[in-house]
Amino acid sequence: MKAEQQRQEQKHSKQLEELRSRHDVTMQELQQMQNEKRHMLIEHETQKLKEIDEQHQRELREWREKLRPRKKKLEDEFQHQLQDQEQFYAMSHVNNEPVPYAVTSVPALSY
């Protein structure tokens, strides 16, 4: 009876050791998988950030390219308005109407 109990204890002890060993192997495999997935996620996020940054750079470049024509258009429009005002107030002055104020020039916009 005692020998049988000792044999059962050894058997259970061996099974427990095998389970712990399998557990350790499984944990290592899971940690390796988690590390690989983390690495893939980091690569994916880095790629997305790179694409977003490139898109932003393209948009900024396009905005800068369009800036000068927009500025020129605004300056031309302001100049036209200034000429219209000068012409209007010059005509009023000819009719002996008082000139409320004189506009001599509009400072150029600078960027």
Side-chain angles (χ1 to χ4, degrees):
M1 183 78 171
K2 201 169 197 178
E4 180 65 27
Q5 185 179 358
Q6 191 174 12
R7 190 176 64 77
Q8 286 294 327
E9 286 177 6
Q10 286 177 345
K11 179 181 173 184
H12 289 146
S13 183
K14 186 175 180 181
Q15 287 176 342
L16 182 60
E17 189 60 37
E18 287 175 6
L19 285 173
R20 285 184 177 149
S21 178
R22 284 197 323 231
H23 174 266
D24 289 342
V25 169
T26 303
M27 284 299 294
Q28 288 175 354
E29 289 174 356
L30 288 173
Q31 286 177 343
Q32 179 65 28
M33 287 172 55
Q34 184 178 16
N35 288 339
E36 289 172 2
K37 287 182 179 184
R38 184 182 309 117
H39 182 71
M40 288 171 55
L41 180 62
I42 289 171
E43 284 181 355
H44 180 71
E45 291 297 316
T46 302
Q47 182 63 30
K48 282 176 65 175
L49 286 172
K50 183 179 176 184
E51 290 171 4
I52 290 170
D53 187 51
E54 289 172 354
Q55 174 68 22
H56 176 261
Q57 292 299 323
R58 278 192 304 275
E59 289 174 1
L60 183 61
R61 191 171 34 258
E62 289 172 8
W63 180 83
R64 284 184 177 151
E65 289 171 357
K66 294 176 182 177
L67 182 62
R68 286 189 194 272
R70 286 195 326 261
K71 179 183 173 187
K72 175 76 171 110
K73 181 180 177 184
L74 277 175
E75 287 174 344
D76 291 346
E77 189 177 317
F78 291 152
Q79 186 63 35
H80 180 71
Q81 290 175 0
L82 177 64
Q83 290 171 353
D84 288 348
Q85 286 181 356
E86 287 174 347
Q87 185 179 13
F88 174 79
Y89 288 110
M91 292 171 85
S92 296
H93 186 63
V94 169
N95 295 333
N96 291 328
E97 294 179 16
V99 178
Y101 61 88
V103 178
T104 57
S105 67
V106 175
L109 297 175
S110 60
Y111 292 94

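As the structure is a prediction and not an experimental result, all values here were calculated from the model.
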Sequence neighbours left out, what passes side chain to side chain donor-acceptor pair (under 3.5 Å) with [X]? Give chain and number order.
X     : result
Arg64 : none
Gln8  : Glu4
Gln10 : none
Gln34 : none

task = Can you measure from CD1 (Ile42) to CG (Leu49) and round to the nearest 0.5 angstrom?
result = 11.5 Å
request  = Rounded to the nearest 0.5 Å, what's the gap from CD on Gln32 to CG on Asn35? Could you check?
outcome  =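 The distance works out to 6.0 Å.
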Reference residue Gln55; test side-chain contact (heavy atoms from CB on, under 4.5 Å); the match among Gln57, Glu59, Glu51 =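 Considering Gln57, Glu59, Glu51, a side-chain contact (heavy atoms from CB on, under 4.5 Å) with Gln55 is found only for Glu59.
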Among Glu9, Met1, Arg7, side-chain contact (heavy atoms from CB on, under 4.5 Å) partner for Gln5 =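 So, applying the side-chain contact (heavy atoms from CB on, under 4.5 Å) to Gln5 and each of Glu9, Met1, Arg7, only Glu9 qualifies.
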[X]: partners by side chain to side chain contact (heavy atoms under 4.5 Å, CB included), with sequence neighbours left out:
X     : result
Gln15 : Lys11, His12
Arg68 : none
Lys37 : none
Lys48 : His44, Glu45

query = More than 12 foreign heavy atoms under 6.0 Å from CD of Gln6: is that the case here?
reply = no
Salt bridge (charged side-chain N to carboxylate O under 4.0 Å, His left out) against [X], all qualifying residues, sequence neighbours excluded:
X     : value
Asp53 : none
Arg38 : none
Glu65 : none

inquiry  = For residues 17-31, which residue pairs pass the side-chain hydrogen bond (donor to acceptor under 3.5 Å, both in side chains) check, not counting sequence neighbours?
reply    = none
request  = Check the side chains of Gln85 and Gln81 for a donor-acceptor pair under 3.5 angstrom, ignoring hydrogens and angles.
outcome  = no
task = Compare all side-chain heavy atoms of Lys73 with those of Arg70 and state whether any distance is below 4.5 angstrom.
result =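 No - every pair of side-chain heavy atoms lies 4.5 Å or more apart.
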task = Show the numbers, then the answer: is there a side chain to side chain contact (heavy atoms under 4.5 Å, CB included) between Asp84 and His80?
result = CA-CA 6 Å; Asp84 288 348; His80 180 71; 3.3 Å; yes
